Every structure is written in C-alpha cells, then in structure tokens.
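Notes to accompany the following structure.
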Amino acid sequence: MNTIYNHRAVEEKWRKVWEEKPVNPKDESKPKYYCLDMFPYPSGAGLHVGHWRGYVISDVWSRYQLMHGKYVIHPMGWDAFGLPAENYAIKTGQHPSISTAANIKNIKRQVQQIGALYDWDMEINTTDPKYYKWTQWIFIQMFKHGLAYEKKMPLNWCPHCKAVLANEEAEGGVCERCGTPVTKKNLRQWMLKITSYADRLLEGLDDLDWPERVKKMQKDWIGRSYGAEVNFPLKNDPDKHITVFTTRPDTLYGATFMVLAPEHEMVKELTTPEQKAEVEAYCQAAANKSNVDRVQNKEKTGVWTGSYAIDPLNNAEVPIWVSDYVLADHGTGAIMCVPAHDQRDWDFAKKFGLKIIPVISPDGSDMSDMKEPYVEAKGKMINSGDWNGMDSDKLKSEAPDIIQKMGIGKRTVSYKLRDWVFSRQRYWGEPIPIIHCPHCGAVPVPEDQLPVVLPDVKSYEPTDTGESPLASMTDWVNTTCPVCGRPAKRETNTMPQWAGSSWYFLRYVDVHNDKELVSREKADKYLPVDMYIGGVEHAVLHLLYARFWTKFLHDIGVVDFDEPFKRLFNQGMILGPKGIKMSKSLGNVVSPDDMIRDFGCDALRMYELFIGPPEVDSAWDDRGIEGISRFLNKVYKLVVEESAKDVPETKELVRLRNQMIKTITTRLESFSLNTVVSGFMEYTNTFANIAKKGGVDKKTLEALTVLMAPFAPHLAEEMHEILGYKESVFKEQWPTWDEKLTEEEDVQMPVQINGKTKKVISLPKDVKKDDALAAAKEAIADKLTGNVVKEIFVPGRIINFVMK
RNA sequence: GCCGGCGUGGCGGAAUUGGCAGACGCGCAGGACUUAAAAUCCUGUGGUGGUGACAUCGUACCGGUUCGAUCCCGGUCGCCGGCACCA
C-alpha cells in the first residue's frame, strides 16, 4: 500500500478548523504565559526563510506551553516607522502610510502561513495614531519628570541619512543603518536621560534569564568605572581649577601634564596669546574630523595651550595641552596624564618631550630607565611623597577618600553610557509633542490633545541643515501656546525608530484601551513577558531602551515590574546556501512562499528547526527540506497503517514510548530543537521497523502524535483525527514518562584495553562488578595477553583493563 | 589592541557528569521495483591497510592531567561576534 501525505489539502483543512475554533482562546482561569516575538519592520521585500526562524521557534514554545495548560499570549505587530517607507515616499511621492499598509498586508499573509497561534485581535501598528498617542504620552511624562531635555551639542550626524544618530546607532563611528562614516554637527536636540538609570540598568541584568553574551554587551555598553575627580588649580589663577576624572588616583604624583578635549569649555581661556593661532587651528581641525578618522589615526597629535596647572599633591607645575585623544563627553573631558603608567599618555609624552615619572614599581626598584610604560601598575609606590612604600592596590582603593578628605577632589563613578539623542530630522516618525513658546519655553502638548497627528507634507526630502521636513508646514507648525495662549511653534523633529518598540509589549494586552496605555489590571494579570525571542542585533539598542522605558513606567506607577523580559532567546541567522548572508542584491534569498507551496508549512517549520542549533547561524540547503518531507510522509504512513491494525502493546513498545517522551521533552526544555527533530526521525525509523515485524500499538502512535503537535501542528491534528479523536490535539496535555519504564534490562557495556574499545558486551543493568569483569575478560580473552595492572568498572558505562 | 564565542566526515550537524566519536539528515555508491525514468524501498558510506574477522590513525595544531579527553588545564594558529584613545 502506498500511503501519501497530501500536505496541501491537510494544511488547508486544519487552517479552516482553527479559524472557526481557535485552539488558544482567551481563558482567564488558566495561568498565563506571554511568549513574544520581536515584531518586524514591514519591509517591501517581504520575509525570507531566515525571518521565519524566530517565529517558528516562538510558536513551538507557545504551543508547548499551551499543552501545559497555559493561556498563551502570543501577539504580533508592526514596527512601521522608519526610513525605507520614507525613502519610498521621496522616490514616488506616495504617502508612506500607503506603502506601509501594502507591506503590512503582504507580510501579514506570509506570517499567517507559519500556522502560528498569533492572536490577531491584539495586532499593533506603531504608526497608528491610536498607538503613537501613547508613545507621545510617555515622552510627555518623561519631560515632566525631567528626563527629556533639550540640548545644543555636537552630535553624530549621518550625511547620507541626513539625521542625527544616538551613540547606540553610531557604533564604530559609522551609521548603524547605512554604514556611512558619521560626522559631527552642532544641533539643538531632544535628549532622554537614560544615564540616570545607568546603575539600575546594570544591576537589573543580574536577575534576568538572558544569554550571558547579551548581558555582557549591555554591561560593557553602560561601562561603569569607579575612580575620583581631582581638581588641579591653575597656576595663574589659583581660584580656578580644572577637574579631571581618573580611575587611578593612586598615580597622582606621576601626573606630569594634563590634556583637555578640543571641545572643553576652558580651552579658550587657558590659551595664551602666543599659542592662540595654533590651538584654534587644532580645535577647528578636530571638529571637522569624522569619528572614523579620529579613531583610526592613533598617532598622537596635540598642542600646548601655554598654561600650567598645579598638581594639588606636590605643587608641581603641569603643562596643559589639548588633544583629540581625550573625549569631550567622557568623564570631565579633561585628564591628568601619567605617562609612566598609561600607553596613550606615554606615546603623547614621548612625541612632545614631556616628563615621565614612574610612581609604581613591581619590586620597589627605582624604574628610572623604563623603556615602556608599566601599564599593569601593581606594586610599591615610589616618587610619591607620603605615599612612598605603600601597596598600590591598597592605595588605589583608598586614594579617592584620601583626596576627598584633603579637599582636592572626591570619589566618583563614571559611565560610558551617554544620554539618548531622541530627536530625528526626518518625516516618518512620531511627532515630538512639544510646543515652543517665546514666553514659556518648551511646553508639552496637553494630554487631552494627543495624539499630535503627523501631518501630510508635499515634500518628504530631508534637508542638509538639520531641519525636519515638517518645518515647511507652516499651517501645522504655527499654533498657540497651551500655557499663555500666545503664538507659538510646534516641535518639528520626530522620534527615532526605537520609540514605538520601547514599550509595544505592554500595549498588546490592552490594545483597544483609549484611556490608558495599558490598564493596571491587565498589566498585573498578563505582564511581563515570560519569553522574548529575536535576533541578537538588538542587544544594546532596542533591549536597552525597552528596559529603560519599563523602569520609568514602573517608577510612575503604570506597571508594577521594572524588567520587561524575564527570559530572552536569540536565534541565529539563516544564511544563504554558501554561508553568505541572504540579501536581495546577492540574489540568494529563499522565499518561504515557494517552500510552502512545494513542501508545506509543517515541513518548512521542521526544517527551520532541523537546520542547526537554534542559537547558531546556519546555511540554507534546498535539498535538506526534502529529507523532512520524506520524514513527514513516513510518520503519516506509520500512523495510518498501524492505527488500522489494533496492535497490543509490548514491553519493548512501552519502553520505547517512555524513552521517546523523555528524550523529546528534555531536548525541548533545553531548547535543543534541532535534536528534537532528529529524535522524531530516529523513533519513527525504529517504529517503522517494528511495524514490519509485528506492529505498533495505538498508545505509542498517540504519544508520537501529541509530541509532534508543536512542531508540525497540521499533520499532528490530522493524525490525531485518524487515531479517532474529535477534539483538537492541542486539547491534549503534554505526555509524561515513567522513569522506571525507560530502563532496559540489559545494558551495552564497552570493554576497553587501555581506553580503547575492543568489544561491546550485553550485561544485566544491575550486574555486580566481579561478574561484569569476569564476563568482560572472557569476551576479550584473546586480547588480554599482557599484565593487567588495573581493572576499572563504572556501572552502566564502561569496563577498562589497564595492561602493560 | 581588549573582551567573548567557536574550530568534529564531501556537507548541515550529534555526543547527560570525562566513558563505544560521527546520532539524525543531505549528498554519494550499489541493489530492488520499472520497458525506462521519477518517486519509493533496501544496503553501504571518516582515512589508510587487509578478501576477511581485524589492525591502525583520526574531533584545528603542540603539549599536559587521567585507566580513559571532542569535553578539563597550558600554549599556538584560524574564523566569527562585541568594544575600540572610556582616562
């Protein structure tokens, strides 16, 4: 008999059944489980098989939870503000909302093909005014709490995107979107004070069930370092001083010069008339350099201001220099330089002939002939006045307090994290709900007037000046001040693409609420997210911003938790056939639509899992999916033919069934989804062989069907029905196993000589050591020719003879 | 440069706590069915030697610990990712 599985008919049939009778209806009597995908940007190119992977993983996990009696919250939405839609508008003159709606339609169709549990009543679109009303509301709360502020400063500017970038978007000195080297532009911008949450963002990581590498990336990005601020009085004006930040205040006696960033506010007043021309030229050149140039050229440059400061400990005169290796926005923008113990300071001192005084010696020797800086700087203090002879590690921890007591500085903490540049000079984003009044300053739009709807414009083109296209909409821009009623102007910048995604996970559980962003009752019942699945590329962008906003919303009482995502899983990418990233320009994009047509949704789901460990990148292989297709056929054939037979269960089948349930469940729990699939294949092969000899009992076929349900839901429903059930397979509880029944009576024991296996013998599982060794010796008697010096017996594992 | 991670057949990848390396799949080879092909099914498939049972080498490379190492330790090389003048 040739049984053939018709994937098209079966999948269509069950899709209809599920539509009429959802398998995961809202049920408040059950405990909730919130399993979230990172929602996609609805791009015009649609989804490729790589995008599918995370959605398949999350759906398997969701269905697995469902079969443990949970009500699963598994929503989907669209992160739809952003540059591609705007660029398309520039090219075609069509409003971005039109192309966005078309893209959403197509991608929604593709997402629905996954056959996932998504509850489309919860759908979100960040560009919907009903949604971004609350994005704007959050901004206003931040403004009211002093967390949103305006600042004019040199900012990362992408000349290609014609927009400012947050530090997180300008990693490595290039634009995160387009790779163009970032330059600086001095602009007024809206900032969010993420730095005031730095400690909580850092410490909150400890309790999260997240991949260690993501936690580490956030930790490094926040970059907390402990040290001291030290004040160096000016030689010519001892009432004034320069404050530096240092992590090594113990080396203060070795500070032989200081360096200010070119942007430091005191550069001008410190520059002497003789040095003025040179210093100004240097600062001008530094301002024009892109981040990439500044970082790539590590050859030290700099100029002397002509002034001196006084080392507050030993009253030595230290010349004040300007150099671009000091960053304006880290610490205080000024450093004390200890060339004997810092590579950069050493390079600078060597180049400009500055003094070098070693202050730490590993063994107490005088170090005066050092050929390179002693950077590890651990040992005894030398050349350090009162501190001489002290242990440097001990001094390092005590120095901040000593300095504080002396009144020349204080203990302090510094961070790499900067405040979040939150405004963009582009059209397709949430308008910032602020009105600028000449009399009242920046005033928030009253909450009852939200949302501030993004108006239609004629030209979407960004400008080189840093003005938003909205600035030309005079009708919209000109308004009245909500405080004093006099003429005022609207803020024309929009929010960055990360705004809508910083809180969307809260909205899903209460999408239709027009009174609050989420009701406290629903938030308490359904939030936070139990499992969050998505790519690792958001490790320091979206995930950091979302944590920040959640903590803020917690602080103002909107929600009662302050970490949004309890558990995080990062899936690896699916690469093109040769291990190259899939991209339209390379022409190596594999479409899920084609795969579903030829092999079916279940086959694609299982192949996406089988391709490799879910957290690792894997290369697509068109022929691999054929193997899955053969396997699904084999399972179907097994169930159809064996269920017709009415086979009694045997001891062997009971054991195999229990082993199978255990194997699949433990692999699934540890997220080893690729080996779950290979496990199904292996057991199916085993059962197919038993079927040929005698047959497979119904209970075993049922267990196999239920275990497969989260992976191949359509096929599992079909098989469940064939087995005689009227209700959905997802009404079944996840099967359990009896450990005793998994054990075999005999164990296969490898017998080794000097660690090399010579034979495998079968022994009763509770065999005694002496009996086992005797049996083993007999089995390999012909090879035991030498002197056996040691006999090793590990029950159930190994027998090894050490022979000389 | 600093900090992570990884390195296993022709390919994707398996291997509880240190205990039979290569599960499962792809590909390939041979066979069955067929007029033939496709599909399907069966058998084989790390290298070398041997007709064979078997021997021997083998988890990037060098060394160590151990009765026994893909797994632990030290070093080297390569690839990938993060940060990158952070004081």
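We name chains A, B, ... by the order of the sequence lines, and we start the count at 1 in each one. Just so we're clear, the structure is a prediction, and the values are computed from it rather than from any experiment.
Straight-line distance between the C1' atoms of B/G18 and B/A87: roughly 46 Å, to the nearest whole Å. Comparing B/G13 with B/C6, their C1' atoms sit 14 Å apart, to the nearest whole Å. The same atom, P, is picked in B/G78 and in B/U16; the two are 30 Å apart, to the nearest Å. On the C1' atoms, B/G52 is 45 Å away from B/G75, given to the nearest whole Å. For B/C20 and B/A15, the C1' atoms lie 11 Å apart once the distance is rounded to whole Å. Taking atom C1' on both B/C3 and B/A14, the two are 30 Å apart, rounded to the nearest angstrom. A gap of 14 Å separates the P atoms of B/G12 and B/A60, to the nearest Å. Spacing of C1' atoms, B/C42 relative to B/G50, comes out at 27 Å, to the nearest Å.
Candidate nucleotides B/C67, B/C24, B/A14 were compared by shortest atom distance to the side chain of A/Phe610, and B/C24 ranks first. When each of B/A55, B/C85, B/A87 is scored by its nearest atom to the side-chain atoms of A/Lys758, the top-ranked nucleotide is B/A55. Minimum atom distance to the side chain of A/Ile792 is reached by B/C67, of the listed B/C85, B/C24, B/C67. Of all nucleotides listed (B/C26, B/A87, B/A14), B/C26 comes nearest to the side chain of A/Asp621. Checking B/G19, B/C20, B/G13 against the side-chain heavy atoms of A/Pro613 singles out B/G13 as nearest. Listed nucleotides B/C24, B/C42, B/A14 differ in distance to A/Lys692; the shortest reach to its side chain belongs to B/C42. In this structure, of B/A21, B/G27, B/U17, it is B/U17 that holds the atom nearest to the side chain of A/Arg797.
Counting any heavy atom pair closer than 4.0 Å across all strands shown, A/Asn633 reaches no nucleic acid atom. If you check every strand for non-hydrogen atoms under 4.0 Å, A/Val677 touches nothing. Among the heavy atoms of the strands, none lies under 4.0 Å from A/Arg224. If you check every strand for non-hydrogen atoms under 4.0 Å, A/Lys416 touches a base. Nucleic acid contact class of A/Ile611 (heavy atoms, under 4.0 Å, all strands): sugar-phosphate only. Counting non-hydrogen atoms under 4.0 angstrom, A/Asn800 reaches a base of the nucleic acid. Across all strands, A/Ser678 comes closer than 4.0 Å to base atoms (heavy-atom distances). Note on A/Gln752: a base of the nucleic acid sits closer than 4.0 angstrom, heavy atoms only.
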Would you give me the side-chain donor-acceptor pairs under 3.5 Å for residues 623-632 of chain A, sequence neighbours excluded?
none

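Ring orientation note: the planes of A/His542 and A/His538 are nearly perpendicular, at an angle over 60° on the 30°/60° scale. Between A/Phe348 and A/Trp321, the ring-plane angle classifies as perpendicular under the 30° and 60° cut-offs.
Using a distance-only test at 3.5 Å, with no hydrogens or angles considered, no donor-acceptor pair links the side chain of A/Glu229 to the main chain of A/Thr243. Under a 3.5 Å cut-off, the side chain of A/His341 and the backbone N or O of A/Tyr374 do form a donor-acceptor pair.
If you take CZ of A/Phe680 and C1' of B/G25, they are 15 Å apart, rounded to a whole angstrom. A straight line from CH2 of A/Trp210 to C1' of B/G82 spans 16 Å, rounded to a whole angstrom. Note: CD (A/Glu615) to C1' (B/C6) measures 12 Å, nearest angstrom. Note: OH (A/Tyr226) to C1' (B/A87) measures 17 Å, nearest angstrom. For the pair A/Tyr683 OH and B/A14 C1', the computed distance is 14 Å after rounding to whole Å. When rounded to the nearest whole Å, the span between CD1 of A/Ile574 and C1' of B/G12 equals 12 Å. Residue A/Leu632 contributes atom CG, which lies 16 Å from atom C1' of B/U40 at whole-angstrom precision. Computed from coordinates, the A/Phe801 CZ to B/U66 P distance equals 22 Å when rounded to whole Å.
Dashed line: the shortest gap from a side-chain N or O of A/Lys756 to OP1 or OP2 of B/A55 is not under 4.0 Å. Here A/Ser225 reaches the OP1 or OP2 of B/A87: one of its side-chain N or O atoms lies under 4.0 Å away. A close approach under 4.0 Å does not occur between any side-chain nitrogen or oxygen of A/Arg630 and OP1 or OP2 of B/G25. Contact check, A/Asn754 against B/G68: no side-chain N or O comes under 4.0 Å of OP1 or OP2. Remark: A/Lys216 is not in phosphate contact with B/G4, judged by side-chain N or O atoms under 4.0 Å from OP1 or OP2. Contact check, A/Asn685 against B/A23: no side-chain N or O comes under 4.0 Å of OP1 or OP2.
By the 6.0 Å and 45° rule, A/Lys777 does not stack over the aromatic ring of A/Phe801.
With rounding to the nearest 0.5 angstrom, the CH2 atom of A/Trp52 is 14.0 Å from the OH atom of A/Tyr607. Going from atom CG of A/Leu715 over to atom CG of A/Asp602 covers 6.0 Å, rounded to the nearest 0.5 Å.
On a pure distance criterion of 3.5 Å, a polar donor-acceptor pair joins the side chain of A/Lys300 and the base of B/C85.
For A/Arg213 and A/Tyr415, each mapped to the nucleotide of RNA chain B holding its nearest heavy atom, the one lying further toward the 5' end belongs to A/Arg213. Map A/Asp617 and A/Gln748 each onto its nearest nucleotide of RNA chain B; the residue landing nearer the 5' end is A/Asp617.
With a cut-off of 3.5 Å on both pairing distances, the Watson-Crick and G-U wobble pairs of RNA chain B assemble into stems of 3 or more at B:1-7 with B:77-83, B:10-12 with B:24-26, B:27-32 with B:40-45, B:46-49 with B:54-57, B:60-64 with B:72-76.
Using a 4.0 Å cut-off between a side-chain N of Lys or Arg and a carboxylate O of Asp or Glu, A/Lys351 and A/Asp347 do not qualify as a salt bridge.
Glycosidic conformation of B/G9 is syn; the angle stays within 90° of 0.
Annotation: salt bridge (Lys or Arg N to Asp or Glu O under 4.0 Å) contacts of A/Asp617 (sequence neighbours excluded): none.
A donor atom on one side chain and an acceptor atom on the other are not found under 3.5 Å apart for A/Asp311 and A/Tyr253.
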